[in-house]
> 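Mind having a look at this structure? Questions to follow.
This is a predicted model, so every value here is computed, not measured. Per chain, numbering begins at 1; letters A, B, ... match sequence-line order.
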2 protein chains.
Amino acid sequence: MNFSIAEENYIKNIYHLQQQSELVNTNSLAYELQTKPASVTDMLKKLQVKNLLDYEKYKGFRLSSKGNKVAINIVRRHRLWEFFLVTKLGFEWDKVHAIAEELEHVSNQELIQKLDRFLNHPQTDPHGDPIPDGNGKMPVIHQLSMADVVEKKKVIVSSVGNQSPAILELLNHYHINIGTEIKINQRFSFDGSIEIKVGKYAACIISELVAKNIFVYHD
Amino acid sequence: MNFSIAEENYIKNIYHLQQQSELVNTNSLAYELQTKPASVTDMLKKLQVKNLLDYEKYKGFRLSSKGNKVAINIVRRHRLWEFFLVTKLGFEWDKVHAIAEELEHVSNQELIQKLDRFLNHPQTDPHGDPIPDGNGKMPVIHQLSMADVVEKKKVIVSSVGNQSPAILELLNHYHINIGTEIKINQRFSFDGSIEIKVGKYAACIISELVAKNIFVYHD
DNA sequence: ATATTTTTTTAGATTTGTCTAAAAATTAAT
DNA sequence: ATTAATTTTTAGACAAATCTAAAAAAATAT
Ligand SMILES: [Mn+2]
Ligand SMILES: [Mn+2]
Ligand SMILES: [Mn+2]
Ligand SMILES: [Mn+2]
């Protein structure tokens with residue numbers, strides 16, 4: 001079955017919202033898609049008719065198992081293209097989302113299968129998110145963003161999302177490299193900054209933006 | 001300026017039809033786009049309003065200079081993606097057109113510029129067609145398909161569009177390789193087949209399909 | 001020159017996806 | 001338990017892109 005770009009964008013965003021809460025509501029999906037609640041309701045009906053959605057008026061909605069499969073396939077395409085854009089074309093990690101948002105809708109099975117092989121079956125996209133395989137299976141990722149690590153944990157830097165000279169300069173200043181051990185001391189909710197301790201250096205604070213771009217191994 | 005997928009498909013196909021005849025007519029464009037003449041007329045008006053088209057009712061139409069620039073840009077994207085699909089992803093030359101037909105509409109300047117660099121600024125697509133540069137300049141191509149060579153001409157094989165074992169087996173049988181000198185004896189209009197003479201072997205006939213896939217240097 | 005055929009355009013309808021404004025249902029507050 | 005606020009849905013309109021059927025213009029044939 002083939003879906004329109006609009007349908008695919010709805011499906012994918014429902015999928016993402018479901019990662020946070022079992023049932024999705026009209027307003028949050030409208031916000032996510034930058035559209036109006038009335039438009040969402042219209043589309044929900046169409047998706048329900050196509051058996052992609054479990055939906056009861058006024059009661060919220062969730063993807064059906066069929067809808068879930070479709071969603072994971074779109075996510076797969078999106079993340080593979082993001083990986084391609086960063087590793088092959090040399091894009092910065094923060095510039096690829098908008099482009100992948102378009103590329104994900106080129107839905108040719110063989111294209112994605114060949115792209116996956118060309119990229120050597122990557123496990124995570126440039127933001128550290130897992131790339132589902134052709135059967136929809138998500139790889140278990142041990143790597144995660146430092147912005148998501150709990151306090152008091154010791155971690156080891158596995159990769160850096162942003163390859164720009166600007167962040168590399170900053171990481172150098174913090175004495176952070178691939179393999180560096182970092183202890184998360186405390187997270188400040190005001191701006192999402194985190195106090196960390198790197199090796200034997202004095203504790204210091206990194207911004208939320210920096211934390212998001214440092215990926216670490218977790219035990 | 002940004003154009004819809006439908007608009008881009010119209011613009012590109014008008015461009016291609018113009019290569020054969022200065023003025024384009026409604027029916028042939030409708031045929032090319034697999035749509036109805038009435039739909040074409042509708043779109044022509046829209047393109048005229050956007051200054052992409054010189055159009056007078058009942059008198060045929062052609063792209064404006066602005067429309068031409070847009071068209072060449074779409075052609076550039078299409079051919080770069082085709083080149084990518086064949087050389088990087090390992091597609092057969094005859095499978096890439098439909099996919100490039102979709103990819104060409106992902107219109108991000110930086111994406112195309114980086115793709116071009118990644119591919120090492122290719123001059124021709126897998127079908128031997130020239131790839132315009134970022135300024136719309138078409139490279140002068142000395143290579144052309146044997147299906148386009150005039151009779152009595154001697155040529156040298158430069159490349160083969162189709163890399164499949166099936167055609168390679170056949171070319172082997174004809175004693176044709178890269179660098180082989182071929183004389184075009186006669187073209188038969190019934191099926192587009194061509195009688196050729198390869199080296200000192202007896203003259204033989206190749207099908208139009210084979211001829212289209214043999215690219216040659218021309219003096 | 002008139003009639004016939006072909007090409008092109010118009011008129012009006014349809015599908016998809018969107019919107020605003022108003023109504024209905026649900027949830028929260030008094 | 002009413003009232004008020006929020007959320008969701010409906011009703012009706014609109015733009016883009018398409019279609020069919022009919023009218024108009026141009027090209028061709030007699
Ligand atoms: Mn998208
Ligand atoms: Mn991502
Ligand atoms: Mn296209
Ligand atoms: Mn081509």
> Choose from dT10(D), dA17(D), dG17(C) the nucleotide whose nearest atom is closest to any side-chain atom of Thr41(A).
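Nearest nucleotide to the side chain: dT10(D).
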
> Can a side chain N or O of Tyr10(A) be found less than 4.0 Å away from OP1 or OP2 on dT18(C)?
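Affirmative; the distance criterion is met.
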
> Check whether any side-chain N or O of Lys59(A) sits under 4.0 Å from OP1 or OP2 of dT7(D), and answer yes or no.
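No.
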
> Which whole-number value in Å describes the distance from Asp42(B) CG to dG12(C) C1'?
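Answer to the nearest Å: 11 Å.
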
> Hey, does Asn25(B) reach any base, or is it just sugar-phosphate, or nothing, if we go heavy atoms under 4.0 Å?
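It contacts sugar-phosphate atoms only.
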
> If I take atom CE in residue Met43(B) and atom P in nucleotide dC19(D), what distance separates them, rounded to the nearest angstrom?
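Value for this atom pair: 11 Å.
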
> Students often get this wrong, so: under 4.0 angstrom with heavy atoms, is Ser39(A) touching a base, only sugar-phosphate, or nothing?
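Counting heavy atoms under 4.0 Å across all strands, the contact made by Ser39(A) includes a base.
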
> Quickly work out the Lys45(B) NZ to dT8(C) C1' distance and round it to whole Å.
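The answer, rounded to whole Å, is 11 Å.
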
> Does Lys50(B) qualify as a cation-pi partner of Phe3(B), given the criterion of NZ or CZ under 6.0 Å from the six-membered ring centre and within 45 degrees of its axis?
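Cation-pi check for Lys50(B) and Phe3(B): fails.
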
> Of the options dA24(D), dG17(C), dA25(C), whose atoms approach the side-chain atoms of Tyr58(B) most closely?
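The answer is dA24(D).
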
> Starting from the 5' end of DNA chain C, give me the residue, Ala38(B) or Lys46(A), whose nearest nucleotide shows up first.
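Checking each residue's closest nucleotide, the 5'-ward one belongs to Ala38(B).
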
> Nearest heavy atom decides the nucleotide; on that basis, is Thr35(A) or Ser28(B) closer to the 5' end of DNA chain C?
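Result: Ser28(B).
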
> As a test of reading the structure: which of dT18(D), dT20(C), dT20(D) is closest to the side chain of Lys36(A), going by heavy atoms?
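Comparing dT18(D), dT20(C), dT20(D) against the side chain of Lys36(A), the answer is dT20(C).
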
> Checking all strands, does Lys57(B) fall into the base, sugar-phosphate, or nothing category for heavy-atom contacts under 4.0 angstrom?
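Sugar-phosphate contact only - Lys57(B) comes under 4.0 Å of backbone atoms but never of a base.
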
> Rounded to whole Å, how long is the line connecting atom CZ of Phe61(A) with atom P of dT8(D)?
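So the two atoms are 8 Å apart, to the nearest Å.
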
> In whole angstroms, how far is the C1' atom of dG17(C) from the CG atom of Leu47(A)?
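So the two atoms are 12 Å apart, to the nearest Å.
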
> Would you please say whether a donor-acceptor pair under 3.5 Å links the side chains of Glu32(A) and His16(A)?
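Distance-only check fails for Glu32(A) and His16(A).
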
> Measure from CG on Leu44(A) to P on dT9(D) and round the result to the nearest Å.
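The answer, rounded to whole Å, is 7 Å.
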
> Within a radius of less than 6.0 Å around CD of Glu56(B), do more than 12 heavy atoms belonging to other residues, nucleotides or ligands occur?
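Atom CD in Glu56(B) is not packed in, count stays at 12 or less.
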
> What is the distance, to the nearest angstrom, from the CG atom on Asn9(B) to the C1' atom on dT18(D)?
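The answer, rounded to whole Å, is 14 Å.
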
> May I have the distance from Lys50(A) (atom NZ) to dT16(C) (atom C1'), rounded to whole angstrom?
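Result: 10 Å.
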
> Tell me whether Asp129(B) contacts the main-chain N or O of Asp125(B) through its side chain, where contact means a donor paired with an acceptor under 3.5 Å.
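No: the side chain of Asp129(B) does not pair with the backbone of Asp125(B).
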
> Is there a side-chain contact between Asn27(A) and the phosphate of dT8(D), meaning an N or O under 4.0 Å from OP1 or OP2?
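Result: yes.
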
> Report yes or no: is the cationic atom of Lys88(B) (NZ for Lys, CZ for Arg) under 6.0 Å from the centre of the six-membered ring of Phe118(B), at an angle within 45° of the ring normal?
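Here Lys88(B) passes the 6.0 Å and 45° test against Phe118(B).
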
> Whether Tyr55(A) contacts dT9(D) is assessed here as follows: a side-chain N or O lying under 4.0 Å from the phosphate OP1 or OP2. Is that the case?
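Result: yes.
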
> Would you kindly say whether His121(B) and Asp133(B) are connected by a side-chain donor-acceptor distance under 3.5 Å?
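Distance-only check fails for His121(B) and Asp133(B).
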
> Below the 4.0 Å mark, does dT7(D) have OP1 or OP2 next to a side-chain nitrogen or oxygen of Tyr31(A)?
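For dT7(D), OP1/OP2 do not have a side-chain N/O of Tyr31(A) under 4.0 Å.
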
